[in-house]
Enquirer: 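Let me begin by handing over the structure; questions about it come next.
The analysis underlying the following values was restricted to heavy atoms, covering all of them including side chains, and did not include hydrogens, waters or symmetry mates. Note that ligands are numbered from 1 as they come in the structure, with each ligand's atoms numbered from 1 the same way. Given the structure is predicted, the values throughout are model-derived calculations rather than measurements. Position 1 is the first residue of the sequence; numbering continues from there.
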Amino acid sequence: MRVMVTGGLGVNGAWLLRELLARDNEVIVFENRHDTSLIDDVADRVQIVIGDITDAAGLAEAVRQVAPDSIVHLAAFVDCENDPVTAVAVNVGGTTNVLAAAAAAGVRRVVFTSSKAVYAPAIGAHGHPEYRPIGEDDAQVPTGMYGITKAAGEAIVDWYGRTTDVECVSLRFATIFGPGRLQRHSGSINTYSSMIELPAMGQPFALDHGGDEGDGLIYVLDVADAIATVTLAPGVLPHSVYNVADGGVWSMNDFANSIRALIPDAELEVGSGLNPMNQPDPYYMAIDASRMAGDFGWRPQYGLDRAIEHYVGLVRARV
Ligand SMILES: NC(=O)c1ccc[n+]([C@@H]2O[C@H](COP(=O)([O-])OP(=O)(O)OC[C@H]3O[C@@H](n4cnc5c(N)ncnc54)[C@H](O)[C@@H]3O)[C@@H](O)[C@H]2O)c1
């Protein structure tokens with residue numbers, strides 16, 4: 001199969017490319033920057049088309065020329081709270097351009113990468129300490145600009161799925177952690193990566209509060225496996241929205257303890273309490289991924305300990 005991946009040189013894209021290649025697919029990346037630092041090992045096996053998803057005409061021409069069977073749409077803007085105008089232009093406008101280009105070129109399937117941020121904040125039974133898992137049909141009342149743009153993107157994905165021949169599906173990820181994130185992002189999204197990468201390199205890590213807060217997480221290799229599973233699934237997909245998560249809740253203390261078990265001399269301090277990322281609304285939540293299991297038999301391969309062991313191994317190999 002020919003698969004086009006927008007944003008394929010990013011953190012999730014790097015692992016998705018490897019997964020798609022391992023499953024014998026042709027991979028074409030559509031990216032606005034030519035930085036192959038996260039895919040050095042497979043760069044010579046993928047075609048890279050440089051362009052911007054906000055350029056509707058350029059994107060449509062690229063999709064027409066590439067003529068992929070499917071598109072995985074990863075390209076996104078994440079600093080949404082600080083720049084809502086760019087957020088809407090890239091995440092809503094750019095997503096619409098991807099769908100329009102797909103419809104015009106006769107692409108069979110588009111997979112949109114959404115987020116748990118489309119749900120309402122996790123309060124009451126969905127928050128600490130119960131963390132009742134959130135399913136695909138639970139309330140979607142996003143309060144952050146990132147979640148608002150993802151929810152709008154999903155609504156447009158759904159419209160194209162209903163009104164054109166393109167089969168459209170949205171995947172809502174739990175919080176993703178994995179190698180590459182430290183270089184790519186700043187701010188709170190870095191916390192899990194910093195917590196692993198700094199001790200793995202012999203440097204101290206300290207978080208003054210939030211150790212008792214749990215969250216639904218998923219390792220980036222499991223994300224790649226889930227995206228590939230949905231992208232390559234034969235026939236018509238049973239659903240148009242899927243949660244992708246480990247299913248459980250890992251607290252910051254669980255995370256720290258798992259790192260300490262692997263790196264006994266780690267200088268790792270995590271204070272007690274809740275809300276480690278100082279979120280204005282709590283988006284720490286357990287995500288129910290049973291629909292992915294039921295429709296595709298998909299289950300994450302990496303539990304907490306195995307993911308951290310794999311991650312530390314990669315960091316140490318790089319240092
Ligand atoms: N990381 C998470 O925890 C998480 C959780 C849920 C959903 N997601 C979603 O998964 C997707 C991939 O996330 P990631 O962490 O790999 O992000 P990333 O920032 O590492 O990668 C995104 C890539 O898109 C490219 N890009 C950005 N704007 C572009 C544009 N206008 N035109 C072309 N390319 C552009 C960037 O160059 C980058 O390589 C995103 O849609 C993100 O919203 C991520």
Enquirer: Give the single entry among N32, T6, D35 that approaches atom 29 (C) of ligand 1 most closely by any heavy atom.
Expert: N32

Enquirer: Is G10 close to ligand 1, meaning an N/O of one under 3.5 Å from an N/O of the other?
Expert: yes

Enquirer: Heavy atoms only, cut-off 4.0 Å: how does Y146 contact ligand 1, side chain, backbone, both, or neither?
Expert: side chain

Enquirer: Check each atom of ligand 1 against the heavy atoms of T113 and keep those under 4.0 Å away; list them by number with element.
Expert: 10 (O), 11 (C), 40 (C), 41 (O)

Enquirer: Quick one: which residue pairs count as a side chain to side chain donor-acceptor pair (under 3.5 Å) with a foot in residues 117-127, not counting sequence neighbours?
Expert: Y119-R172, Y119-N243

Enquirer: How about I123: does its CD1 atom have over 12 heavy atoms from other parts shown lying under 6.0 Å from it?
Expert: no

Enquirer: Is I308 reachable from L314 through a run of hydrophobic residues whose side-chain heavy atoms are each under 4.5 Å from the next?
Expert: yes

Enquirer: Please determine whether any non-hydrogen atom of K116 lies less than 4.0 Å from an atom of ligand 1.
Expert: no

Enquirer: Please identify which atoms of ligand 1 are closer than 4.0 Å to at least one heavy atom of V11.
Expert: 16 (O), 20 (O)

Enquirer: Is L74 in polar range of ligand 1, meaning some N or O pair under 3.5 Å apart?
Expert: yes

Enquirer: At a 4.0 Å threshold, what atoms of ligand 1 neighbour a non-hydrogen atom of G7?
Expert: 23 (C), 24 (O), 25 (C)

Enquirer: Between D79, V220, N12, flag the one that comes closest to atom 14 (P) of ligand 1 by a heavy atom.
Expert: N12

Enquirer: At under 4.0 Å between heavy atoms, which part of S114 makes contact with ligand 1: side chain, backbone, both or neither?
Expert: backbone

Enquirer: Could you check whether any side-chain N or O of R2 sits under 3.5 Å from a backbone N or O of V66, counting only pairs where one atom can act as donor and the other as acceptor?
Expert: yes

Enquirer: Identify which one of E154, K150, H73 satisfies the side chain to side chain donor-acceptor pair (under 3.5 Å) criterion when paired with S114.
Expert: E154

Enquirer: I need the atoms of ligand 1 closer than 4.0 Å to a non-hydrogen atom of R33, numbered in the order shown.
Expert: 36 (C), 37 (O), 38 (C), 39 (O)

Enquirer: Are any of the heavy atoms in G51 under 4.0 Å away from ligand 1?
Expert: yes

Enquirer: Is it the case that Y311 and E197 place a side-chain donor and acceptor less than 3.5 Å from each other?
Expert: yes

Enquirer: Flag F173 as yes when one of its N or O atoms lies below 3.5 Å from any N or O atom of ligand 1, and as no otherwise.
Expert: no

Enquirer: Counting each atom of ligand 1 from 1 as listed, which ones have a heavy atom of L9 under 4.0 Å away?
Expert: 39 (O)

Enquirer: Main chain of A76, side chain of N91: is a donor-acceptor contact present, judged purely on distance under 3.5 Å?
Expert: no

Enquirer: Return a yes/no value for I176: is any of its N or O atoms, backbone included, closer than 3.5 angstrom to an N or O of ligand 1?
Expert: yes

Enquirer: For D295 and Y242, run side-chain hydrogen bond (donor to acceptor under 3.5 Å, both in side chains): C-alpha distance rounded to whole Å, both residues' side-chain angles, the deciding distance at 0.1 Å, then the answer.
Expert: CA-CA 10 Å; D295 286 0; Y242 290 94; 2.6 Å; yes

Enquirer: If Ile, Leu, Val, Met, Phe, Trp and Tyr residues are connected whenever their side-chain heavy atoms lie under 4.5 Å apart, and connections chain through other members, are V111 and W159 in the same group?
Expert: no

